[in-house]
A.B. asks: 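There's a structure below that I have some questions on.
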Amino acid sequence: MKIAIFTDTFTPDVNGCAGTLKKYTDYLEARGIPFKVFAPESTHETQFSSSIRRFTSLPFFLYPECRLALPNLLKMKSELHTFHPDLIHIATPFNIGLAGLKYAKKQNIPIVGSYHTDFDQYLAYYDLHMFSKLLWKYMHWFYKPFQKIFVPSNETLRQLKAKQFKNLSIWKRGVDCSLFHPDFRSGKVREQYGIKEKYLLSYVGRLAPEKDLETLLKIADHPALQKDVHWLIAGDGPLKKELEKRAPVNMTFAGYVKGKELSSIYASSDLFVFPSPTETFGNAGLEALACGTPVIGADAGGLKDFIQNGRTGFLAEPKNPEAFASHVLHVLSNASLKQRMEHEARSYALTQSWDAIFDNLLAGCEEVLADYPREKPA
């Protein structure tokens, strides 16, 4: 099987989609499965790879870290003819995905897609909800020819089924339990950021409206979470400067961190607080669990698949800071519960192997190939 992947974001971009696709291509490479990625140029420095073809791009207005590619269709077609893919995998409904869709239809190549971002929910956070009907009309047209649409969570599956999407299948996310590990817990985190309070609460993610950081600020302002709690916020994004101005004195911004430093923040935290209601999965939440840190998250989206109340964390009503604060206080005031949840968090993460998840994805792709009536293109 030879797979051509079309995406609007790929490593070294920092987001869930880019990270997931990088792990997928690593998996394909390790198994000797040929692939070629068509992606926009990155805003970060990139290394050359013959398996990755990048195109001139523009920033996407809702998500500037993701780029809208301006693909050279003649060069793309030439590379695809040379590569001769058996399967087209499209991870974006925008420009580069449209190019992949057009080529697949013309050459009669089966198409699978992966659905990574709930753009409909994003619209509300940017005061663009009036475009919701138009967006769904376009999404229906775009995904209609796909033989399979892989979604990351049961909640996303339910939402798309309710919108009458067909050929849906679950493609969960995994976690590297050697990189994200409780052993990275370290007093150096407190020392580095000057944290003296008894409890450390963290958030990791993009600092943008759709992550509902308004609710996070309101949780931090709760009177009962003032004295013994310090907040450590890791990540970057368009709201960073505004958040720094409005943040309480017990909140520190670490900026973008990665690798062992990120693992140390997760592992050294007493709780991970994740108010975003727009996650189709929520990779950061699963990374926290792998580090043995329970998650207090929004009762929405993909978080519902792995935050189990009283076991790996608690789910709170979205946009309800009082509900979040209540769960935080409940765990911090109950040492035996917290210890048990830390154990449950790590135990759950250990069951979420990337290899097993990619094995299932590949089996789904092989199923599509086996069932697809192949005819030579006109």
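Residues take their numbers from the sequence shown, with the count starting at 1. Just so it is clear, the model here is predicted, and its values are computed rather than measured.
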A.B. asks: Taking a hydrophobic cluster as the set of Ile, Leu, Val, Met, Phe, Trp and Tyr residues connected by side-chain heavy atoms closer than 4.5 Å, whether directly or through intermediates, do Ile170 and Leu303 fall within one such cluster?
C.D. replies: no
A.B. asks: Using only heavy-atom distances, determine whether the side chains of Asn108 and Tyr372 contain a donor-acceptor pair under 3.5 Å.
C.D. replies: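 Looking only at side-chain atoms, Tyr372 and Asn108 do form a donor-acceptor pair, the distance falling under 3.5 Å.
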A.B. asks: Which pairs would a plain distance check flag for residues 321-331, meaning a side-chain donor or acceptor within less than 3.5 Å of a matching protein atom at least two apart in sequence or in another chain?
C.D. replies:
{"unit_1": "Glu322", "atom_1": "OE1", "unit_2": "His222", "atom_2": "NE2", "d": "3.4"}
{"unit_1": "Glu322", "atom_1": "OE2", "unit_2": "His222", "atom_2": "NE2", "d": "3.3"}
{"unit_1": "His327", "atom_1": "NE2", "unit_2": "Leu315", "atom_2": "O", "d": "3.3"}

A.B. asks: For the residue pair Thr278 and Ser276, confirm or rule out a side-chain donor-acceptor distance under 3.5 Å.
C.D. replies: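 Distance-only check passes for Thr278 and Ser276.
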A.B. asks: Could you list all the salt bridge (Lys or Arg N to Asp or Glu O under 4.0 Å) pairs where at least one residue sits in residues 90-105, not counting sequence neighbours?
C.D. replies: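 Sorted result for residues 90-105: empty, none.
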A.B. asks: Tell me, with the steps shown, if Asp359 and Tyr27 meet side chain to side chain donor-acceptor pair (under 3.5 Å).
C.D. replies: CA-CA 9 Å; Asp359 286 346; Tyr27 167 90; 2.5 Å; yes
A.B. asks: Between Tyr348 and Phe306, how do the two ring planes meet: parallel, tilted or perpendicular, split at 30° and 60°?
C.D. replies: parallel
A.B. asks: Check the side chains of Ser336 and Asn334 for a donor-acceptor pair under 3.5 angstrom, ignoring hydrogens and angles.
C.D. replies: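 Their side chains do contain a donor-acceptor pair, which is all the 3.5 Å distance test asks for.
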A.B. asks: Is it the case that atom CD in Glu29 sees more than 12 heavy atoms from other parts of the structure closer than 6.0 Å?
C.D. replies: no
A.B. asks: Give a yes or no on whether a salt bridge exists between Arg190 and Glu197, defined as a side-chain N under 4.0 angstrom from a carboxylate O.
C.D. replies: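 Salt bridge flag = no for Glu197 with Arg190.
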A.B. asks: Side chains of residues 281-300: which donor-acceptor pairs under 3.5 Å do they make with residues two or more places apart or in other chains?
C.D. replies:
{"unit_1": "Glu287", "atom_1": "OE1", "unit_2": "Tyr266", "atom_2": "OH", "d": "2.7"}
{"unit_1": "Thr293", "atom_1": "OG1", "unit_2": "Tyr266", "atom_2": "O", "d": "2.6"}

A.B. asks: Between His116 and Thr280, do the side chains contain a donor N or O and an acceptor N or O under 3.5 Å apart?
C.D. replies: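 No, no side-chain donor-acceptor contact under 3.5 Å.
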A.B. asks: Under 4.0 Å between a Lys/Arg side-chain N and an Asp/Glu carboxylate O for Asp355 and Arg31?
C.D. replies: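 A salt bridge is present here (some side-chain N lies under 4.0 Å from a carboxylate O).
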A.B. asks: Does a side-chain N-to-carboxylate-O contact under 4.0 Å join Arg246 and Glu242?
C.D. replies: yes
A.B. asks: Count the heavy atoms of every other residue, nucleotide or ligand shown that sit under 6.0 Å from NZ of Lys338, and state whether that count exceeds 12.
C.D. replies: yes
A.B. asks: Before you tell me yes or no, could you show the steps for Lys218 and Glu214 under salt bridge (Lys or Arg N to Asp or Glu O under 4.0 Å), namely the whole-Å CA-CA distance, both residues' side-chain angles and the distance that decides it to 0.1 Å?
C.D. replies: CA-CA 6 Å; Lys218 289 175 183 176; Glu214 281 293 324; 5.0 Å; no
